Amino acid sequence: MNIFRLAGDLSHLAAIIILLLKIWKTRSCAGISGKSQILFALVFTTRYLDLLTSFISLYNTFMKVVYIGCAYATVYLIYMKFKATYDGNHDTFRVEFLVVPVGGLAFLVNHDFSPLEILWTFSIYLESVAILPQLFLISKTGEAETITTHYLFCLGVYRALYLFNWIWRFYFEGFFDMIAIVAGVVQTILYCDFFYLYVTKVLKGKKLSLPA
Amino acid sequence: TDKTTGHDEL
């Protein structure tokens with residue numbers, strides 16, 4: 001555990017909680033992609049199956065349980081409790097175009113051809129692109145609520161901090177996980193355009209809106 | 001590294 005890793009995990013946690021609170025407080029999931037949230041629930045489910053097979057630390061177990069629990073709570077709020085406010089007409093990204101290729105790639109490029117390891121690999125690849133339906137929704141509506149942009153910012157910062165964590169671990173522990181690193185770089189790059197808008201607009205007090 | 005012992009990152 002190093003400072004980048006801890007800060008990354010906390011940023012990830014902050015993102016998840018910001019989203020849950022936003023939906024709960026406003027009683028609305030307008031502007032939120034339910035599809036991205038289903039993908040994240042799938043990511044956590046397939047990645048944390050090792051909860052059943054190996055114990056790493058209390059911290060590790062606690063965070064995994066919280067991430068999974070929050071992911072399903074978010075999906076529940078979007079598709080059940082506040083279904084009436086769900087922006088289904090704009091949330092039209094075809095997720096099969098992500099899940100199918102990512103599933104194929106997980107079978108082809110993995111550390112070990114075993115069920116748990118393939119599912120872990122699948123989750124890593126899927127996480128790197130799971131935000132695309134959300135970004136697609138924003139590009140369709142042309143705007144995002146400020147609180148939604150805070151959520152996205154925390155989520156992007158989390159993966160960027162993990163990149164620093166991997167640099168740290170490479171130098172000080174000789175740890176090197178090519179699959180996680182490549183997927184993490186891809187994931188971080190997907191947020192770059194958003195980071196730019198966040199810094200130039202949201203941080204200056206303006207609403208994030210895209211030019212028509 | 002032993003890949004069967006699980007991944008320590010989240």
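So that the names make sense, note that chain A is the first sequence line, chain B the second, and so on, each numbered from 1. What you see below is based on every heavy atom in this structure, not just the backbone, and it leaves out hydrogens, waters and symmetry mates. Being a predicted model, the structure only gives us computed values, none of them experimental.
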Practice problem: Pick one of side chain, backbone, both or neither for A/Phe44, based on which atoms fall under 4.5 Å of a heavy atom in chain B. | Solution: neither
Quiz prompt | Nearest non-hydrogen partners of B/Asp8 and A/Arg5, listed with the distance | solution = O-NH2, 3.4 Å
Quiz item: Where is the tightest heavy-atom contact between A/Lys64 and B/His7, given as atom of each residue plus distance?
Solution: NZ-O, 4.1 Å
Quiz item: Around atom CG of A/Leu58, are there more than 12 heavy atoms of other residues, nucleotides or ligands at under 6.0 Å?
Solution: no
Quiz item: Shortest non-hydrogen contact from A/Tyr158 to B/Leu10?
Solution: OH-O, 4.3 Å
Quiz item: Does A/Phe164 CZ have over 12 foreign heavy atoms under 6.0 Å away?
Solution: no
Practice problem: Count the heavy atoms of every other residue, nucleotide or ligand shown that sit under 6.0 Å from CZ of A/Phe55, and state whether that count exceeds 12. | Solution: yes
Quiz item: Do other residues, nucleotides or ligands put more than 12 heavy atoms under 6.0 Å from A/Phe170 CZ?
Solution: no
Quiz item: Are any non-hydrogen side-chain atoms of B/Glu9 and A/Asn165 less than 4.5 angstrom apart?
Solution: yes
Practice problem: Side chain from CB out, backbone as N, CA, C, O: work out which of these in A/Asp9 comes under 4.5 Å of a heavy atom of chain B, or both, or neither. | Solution: side chain
